[in-house]
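Inspection log for the structure reproduced underneath, given as structure tokens.
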Amino acid sequence: MKAVNLIPSEQRSGTVSPAGESNGAAYIVLGVLAGAAVLALLYGVARHQVSSRTAEVTKVTAEAQVTQARASQLAPYVSFQATYQQRLQAVSQLAGTRFDWAHAFHELGRVLPKDAAISSVHGTIGSATGASSSSSSAAAASASTSVTSATPPGAVPSFALSGCATSQSEVAQTLQRLRLIDGVSAVSLQSSTKSTGASSSGGCPPKAPAFAVTVSFSPLPTPPAPSPSVQSAADTSAGASSAPASTSTSPASTAPAAGKGAQ
Amino acid sequence: MTNRDRLVLMGVIALAILAGGWMLGVSPEREKAAKLQTEVAGAQQQLSKAQQQLNEAQGDQARYSAAYAAIVRLGKAVPADQEVPSLVYELDQVSNRRDVEFNSISTSASASSSSGAGAAAALTSAGFAQMPFTFVFNGSFVDLYRLLSQVQGFTVQTGAGAVQVSGRLLTIQGVNLELPSGGGAGEVASSSGGGGEGPNAKSAGGSSSRASSAKSNPENAQLKGTITATAYVLPPGQGLTGGASPAGPAGSAAAPASGPSASSPSTAPAAVIKVTP
């Protein structure tokens with residue numbers, strides 16, 4: 001019986017090529033197809049992103065325009081609020097940087113010795129000092145909306161006192177006591193003249209020294225930085241009769257004048 | 001051409017096809033998507049900004065009533081026009097409360113005035129106009145310094161930058177206290193000394209030991225107080241409320257049609273702040 005070789009004749013050599021009959025071309029085709037599929041996927045994703053983002057840009061832009069239009073309609077309210085804040089800041093600045101005359105006179109009456117009497121007081125506010133004006137320049141520059149006060153920051157209040165005492169030592173005591181006044185920076189004696197004989201000096205009784213003293217106070221403060229708080233909108237009024245009905249939201253405030261314990 | 005050469009050629013062609021597809025199809029779309037992403041971010045930023053503006057504007061709209069009332073009240077401190085009658089009225093009222101005689105008022109600036117302005121209001125560099133006045137009051141030392149406190153208390157700054165307004169804003173630049181001419185000897189101010197009492201206190205024992213020229217109760221000596229002060233006025237053309245009404249600011253949909261009174265400095269709200277007796 002003759003043996004029959006069932007192996008195909010092209011494979012009888014024993015070296016079967018993994019590339020098959022196409023010698024690997026099929027793999028290349030498969031690779032191309034796979035690459036094309038990946039490219040198609042990436043292209044689709046990119047197209048989807050383009051379309052969705054285009055729609056989003058359109059939507060967001062339209063929404064922003066609508067919002068801006070609504071904000072523009074309310075622009076007068078913004079402008080009014082800005083005007084109010086500016087005016088409030090200006091008034092607050094003017095009110096807060098004044099010299100507390102009442103407190104100074106209260107202090108003058110408090111410290112004066114019993115054996116000294118004042119016959120006249122001339123209180124003035126001088127020009128701004130150099131050091132104080134330079135220190136206040138930063139604050140003044142920052143507050144571009146500030147108003148010019150009749151008593152600018154850095155101005156030095158002073159009292160020119162003239163009076164009588166029972167003796168020269170009482171004049172010295174007066175000078176010492178005047179230094180105790182709140183906010184005093186310097187006390188300088190101009191003169192202290194004791195009358196001779198029966199004649200009086202400066203309206204003082206005989207043998208009573210008449211003195212003249214200058215009391216200088218600390219320079220007026222620089223205005224504080226504007227408060228960003230909208231709480232300042234709570235502008236209050238003591239006169240209820242003068243307040244309009246819509247101002248009932250304003251809180252009450254009972255701070256003393258100039259915040260220095262004025263009576 | 002061998003079999004191997006054909007395979008290499010096919011591979012190169014395949015790669016070229018894929019690279020072409022990437023460069024011509026996918027890459028431009030991806031760049032476009034990235035660019036659109038940037039546009040989306042910009043638009044969202046713009047939207048966020050617009051929403052912030054809208055929120056602020058809505059907040060300002062919600063606070064409008066309070067701001068309107070407050071700005072009207074601020075007009076009591078710094079009115080749109082000179083409002084001298086109301087100032088005189090306020091000073092007279094406060095002097096009556098303090099048992100002080102309101103002797104005179106003049107609009108001429110004194111030598112110590114730092115404004116340098118004359119009788120008319122002078123426009124300052126920042127807007128408010130200054131009006132210098134000189135007031136003369138007669139009263140005791142205690143009454144006069146309490147009067148000063150009340151005059152400065154017309155408008156005071158409270159905490160947190162708030163302002164309490166009950167009258168005209170006045171900046172006092174100078175105060176002269178002296179015995180009136182022909183008043184004889186006396187004292188402007190004296191105290192009981194080391195007892196720690198202020199001028200409010202009665203000093204029964206102190207008066208006997210004072211300078212012999214003093215009156216028996218110098219605290220009651222009538223003095224002439226000359227006060228140099230400056231009032232402030234809004235600049236010309238800037239109305240108290242800028243044409244706003246209680247319904248809304250000028251130019252808003254809520255505001256009424258602007259009439260002659262809406263832009264006038266002495267608008268209707270000014271009447272709201274008049275001091276009532």
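So that the names make sense, note that chain A is the first sequence line, chain B the second, and so on, each numbered from 1. This one's a predicted model, so the numbers in the text were calculated from it and none came from an experiment.
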If you apply the rule side-chain contact (heavy atoms from CB on, under 4.5 Å), what do you find for A:R98 with B:V156, and how did you get there? CA-CA 10 Å; A:R98 292 177 297 181; B:V156 294; 4.2 Å; yes

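- Annotation: the span from A:S72 atom OG to B:L54 atom CG amounts to 9.5 Å, rounded to 0.5 Å.
- Ring-plane geometry between A:F105 and B:F141 is classed as perpendicular, the angle between the planes exceeding 60 degrees on a 0 to 90 degree scale with a lower cut at 30.
- Across every non-hydrogen atom of A:V60 and B:Q44, the tightest pair is CG1-N, 3.5 Å.
- Here the CG atom belonging to B:L148 is positioned 13.5 Å from the NE2 atom belonging to A:H103, to the nearest 0.5 angstrom.
- In this structure, the portions of B:V175 lying under 4.5 Å from any heavy atom of chain A include both its backbone and its side chain.
- Neither the backbone nor the side chain of B:A229 comes within contact range of chain A; no heavy atoms are under 4.5 Å apart.
- Ranked by heavy-atom pairs under 4.5 Å with chain A, the first of B:A50, B:P28, B:G11, B:G42 is B:A50.
- Judged purely by distance below 3.5 Å, without hydrogens or angles, the side chains of A:T67 and B:Q51 never pair a donor atom with an acceptor atom.
- Residues in residues 76-92 of chain A take part in no salt bridge (Lys or Arg N to Asp or Glu O under 4.0 Å) pair, two or more places apart or across chains.
- For a residue to count as touching a neighbouring chain, one of its non-hydrogen atoms must lie under 4.5 Å from one of that chain's; by this rule B:Q58 touches chain A with backbone and side chain alike.
- Of all non-hydrogen atoms in A:T61 and B:A43, the two that sit nearest each other are OG1-CB, 3.9 Å.
- Residue with the most contacts toward chain A among B:K35, B:Q37, B:E39: B:Q37 (heavy-atom pairs, distance under 4.5 Å).
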Show your working on side-chain contact (heavy atoms from CB on, under 4.5 Å) between A:Q68 and B:Q46 and close with a plain yes or no. CA-CA 9 Å; A:Q68 280 178 341; B:Q46 193 178 0; 3.9 Å; yes

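- Across all their heavy atoms, B:I172 and A:W101 have their closest contact at O-NE1, 2.9 Å.
- Chain A forms the most heavy-atom pairs under 4.5 Å with one residue out of B:Q61, B:Q53, B:K32, and that residue is B:Q61.
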Under the side-chain contact (heavy atoms from CB on, under 4.5 Å) criterion, do A:L74 and B:D60 qualify, and how do the steps go? CA-CA 8 Å; A:L74 299 177; B:D60 289 341; over 6 Å; no

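- Between the CG atom in B:L74 and the OG1 atom in A:T83 there is a gap of 12.0 Å [rounded to 0.5 Å].
- In plain terms, the two heavy atoms of A:S120 and B:E178 that are nearest each other are CB-CB, 4.0 Å.
- A distance of 10.0 Å separates CG of A:L220 from OG1 of B:T171, quoted to the nearest 0.5 Å.
- Among the candidates B:T226, B:N55, B:L170, B:N176, the residue making the largest number of heavy-atom pairs closer than 4.5 Å to chain A is B:N176.
- A donor and an acceptor atom, one from each side chain of A:Q81 and B:E56, are nowhere located under 3.5 Å apart.
- With respect to chain B, the highest number of heavy-atom pairs below 4.5 Å among A:R70, A:Q65, A:K59, A:Q49 belongs to A:R70.
- Residue pairs satisfying the salt bridge (Lys or Arg N to Asp or Glu O under 4.0 Å) criterion with at least one member in residues 29-48 of chain A, sequence neighbours excluded, are listed as follows: A:R47-B:E29.
- Residues B:Y145 and A:A102 come closest through the heavy atom pair O-CB, 3.3 Å.
- Closest approach of A:V91 to B:V163, counting heavy atoms only: CG1-CG1, 4.0 Å.
- Residue with the most contacts toward chain B among A:T58, A:T54, A:V32, A:L39: A:L39 (heavy-atom pairs, distance under 4.5 Å).
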